[in-house]
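The chains referred to below are lettered A, B, ... by the order of the sequence lines, with proteins before strands, and numbering in each begins at 1. Just so you know, these numbers come straight off a predicted model, no measurement behind them.
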Protein chains: 2
Amino acid sequence: MKARTGQREFSVASGDNDAAIPPACTLCGVRSLTVCAPLDNAGLTAVDEIATRHTFEPGQTIFDEGEPSQHLFNVTDGTVKIYKLLADGRRQITGFLFSGDFLGLASEATYTYSAEAVTTTKLCCFRHGQLDELLQRSPQMERRLLAIAGHELAEAQEQMLLLGRKTAKERVASFLLLLSRRAKQTGRSEDPVHVPMNRTDIADYLGLTTETVSRTFTKLKLEGLIRLLPKSMVALADRQQLSDIAETS
Amino acid sequence: MKARTGQREFSVASGDNDAAIPPACTLCGVRSLTVCAPLDNAGLTAVDEIATRHTFEPGQTIFDEGEPSQHLFNVTDGTVKIYKLLADGRRQITGFLFSGDFLGLASEATYTYSAEAVTTTKLCCFRHGQLDELLQRSPQMERRLLAIAGHELAEAQEQMLLLGRKTAKERVASFLLLLSRRAKQTGRSEDPVHVPMNRTDIADYLGLTTETVSRTFTKLKLEGLIRLLPKSMVALADRQQLSDIAETS
DNA sequence: CGCAAGATTGACGGAGTTCAAGCCGAGTGG
DNA sequence: CCACTCGGCTTGAACTCCGTCAATCTTGCG
């Protein structure tokens with residue numbers, strides 16, 4: 001169980017393995033957002049030694065529900081979706097992850113959900129045991145992880161409210177505002193907001209069908225609340241009213 | 001921020017304050033299930049010194065969303081519901097908590113949801129700062145808390161799948177099996193299972209209306225899958241088929 | 001330019017909601 | 001001991017939002 005530093009043989013699904021790490025964690029653009037935020041130089045070096053970087057292309061599976069959960073991940077670029085399936089194929093996307101998000105927080109022996117790249121995605125990958133050891137030596141990092149878990153729990157509850165009690169229009173408005181908020185957090189455009197996922201993914205996230213999502217977009221457009229731009233961009237023409245719709249009817 | 005041991009002035013909402021702690025944590029019946037599980041005697045003593053016990057009657061508020069989150073809790077007896085509201089009164093119950101469950105995991109300055117006693121409930125209460133200090137001295141306890149958070153996250157995702165993609169019948173079947181599983185875990189009857197919450201609470205947990213919940217119970221009864229007994233007990237007459245229904249259509 | 005995958009739109013149907021009575025059972029008081 | 005009451009549960013009937021099925025349109029890309 002000791003961390004053998006320098007060890008780099010590694011394979012996660014079939015992502016590209018660029019074993020050469022040119023600049024190391026000190027240059028990581030999303031560090032301030034991640035679990036690594038509280039680390040000093042020594043800590044970063046330790047992380048750097050156990051981390052490997054992988055790239056996943058759109059649609060590529062990162063892991064599947066039920067698989068042994070050998071790795072944990074940090075999203076350093078791109079968008080990831082996590083989801084659960086029913087036996088007959090019905091799917092619920094339980095979250096979209098963006099730069100800086102932590103992936104794999106579960107503490108079960110096997111993954112309890114599947115993860116797949118939405119856009120080209122870069123991940124920083126840790127073996128479970130090695131990260132555990134690091135956590136034992138860095139209480140701040142563990143504390144940070146606990147805070148992240150708390151945040152995710154709060155977000156999950158917000159999403160339950162959406163799925164259980166909001167109308168289609170409220171769901172779509174909430175979703176667009178969420179995307180905008182996350183874009184801002186990660187330094188991307190918050191107003192003409194980029195919507196990297198397709199209608200099917202949005203539907204499976206919001207507990208709707210693609211048709212309803214599409215109709216709702218159209219309705220919001222006709223009411224002048226949003227504008228659908230090329231390249232999957234959406235302008236939030238009336239942010240205030242969108243907010244009003246999102247929080248309640 | 002130092003923990004002043006022995007300090008006991010305390011008030012959480014308006015629960016009874018039985019300041020005299022006769023037996024202390026060593027006699028706590030649910031300890032093995034809680035965040036206190038990994039503690040040795042010294043740790044238990046420390047917990048005992050900062051914990052106060054409170055009792056809440058059915059319907060009594062434990063805390064409200066938006067309030068400063070000064071306390072964290074361990075449920076030692078009874079059932080608690082946590083929920084979020086929309087401005088127009090629509091409610092989503094995001095979870096029911098039973099003996100041994102931890103309440104208040106959020107790490108925000110204010111509670112992000114409300115909590116209310118469903119049955120007569122006993123809570124073990126900690127001031128935020130004091131528990132934090134204890135956690136800093138007990139890495140195992142912090143680790144345990146992280147594991148608990150992970151479990152809750154997995155449960156939340158399961159519930160999102162239910163809310164977003166399951167039919168009314170599947171939701172009710174899932175709910176009964178959940179209650180049964182939790183009853184078993186806490187040493188209560190798992191087959192004629194006690195359903196302590198009313199139809200409105202069940203509806204707000206499952207994203208349905210009371211009428212639909214009632215109709216679905218009736219349907220399951222007519223199909224011979226359950227029997228509705230007096231005193232809010234439900235017999236799971238055909239557990240296998242209930243399971244089949246719960247996991248998918 | 002032409003194709004294929006995704007997005008939109010339309011028509012229709014159904015699962016679940018809404019509104020409105022009844023029913024049942026536990027607590028209360030005569 | 002029993003009628004009364006009140007809240008919660010059940011049942012019925014009509015409606016509605018969203019899902020389903022199917023056709024058309026748009027867009028990105030070779």
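- Rounded to whole Å, atom P of D:dC9 lies 16 Å from atom CG of B:Leu229.
- For the pair A:Lys231 NZ and D:dG28 C1', the interatomic distance rounds to 10 Å; values are reported in whole Å.
- Spacing between atom CG of A:Leu163 and atom P of C:dG16 amounts to 15 Å, rounded to whole angstrom units.
- For C:dT17, the OP1/OP2 oxygens have a side-chain nitrogen or oxygen of B:Thr212 closer than 4.0 Å.
- Along DNA chain C, the nucleotide nearest to A:Met197 and the one nearest to B:Lys169 differ in position, and the one closer to the 5' end is contacted by A:Met197.
- DNA chain D is contacted by both A:Arg215 and A:Pro230; A:Arg215 maps to the nucleotide lying nearer its 5′ end (nearest heavy atom per residue).
- B:Thr209 has a side-chain polar atom (N or O) that falls below the 4.0 Å cut-off from OP1 or OP2 of C:dT17.
- When each of D:dC21, C:dG16, D:dG19 is scored by its nearest atom to the side-chain atoms of A:Glu211, the top-ranked nucleotide is D:dC21.
- Between A:Arg171 atom CZ and D:dG19 atom C1' there is a gap of 13 Å when expressed in whole angstrom units.
- At least one test fails for B:Arg182 against the ring of B:Phe98: distance under 6.0 Å to the centre or angle within 45° of the axis.
- For B:Asp201 and D:dG8, the CG to C1' distance is 12 Å, given to the nearest whole Å.
- Atom CG in B:Leu220 sits about 15 Å away from atom C1' in D:dT10, given to the nearest Å.
- Going from atom CD of A:Glu116 over to atom CG of A:Asp64 covers 8.5 Å, rounded to the nearest 0.5 Å.
- Using bins of under 30°, 30° to 60° and over 60° for the plane-to-plane angle, the ring pair B:Tyr111/B:Phe63 lands in the parallel bin.
- Rounded to an integer number of Å, the gap from B:Leu228 CG to D:dG8 P is 18 Å.
- Contact check, A:Thr218 against C:dT9: a side-chain N or O comes under 4.0 Å of OP1 or OP2.
- Protein atom CG of B:Asn198 is 11 Å distant from nucleotide atom P of D:dT10, rounded to whole Å.
- Side-chain atoms of A:Asp191 never come within 3.5 Å of backbone atoms of A:Ala235 as a donor-acceptor pair (strictly under, hydrogens ignored).
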*Using the side chain to side chain donor-acceptor pair (under 3.5 Å) rule, take B:Arg188 and B:Ser99 through it: C-alpha gap first, then chi angles, then the decisive distance, then the call.*
CA-CA 10 Å; B:Arg188 293 169 290 127; B:Ser99 296; 5.6 Å; no
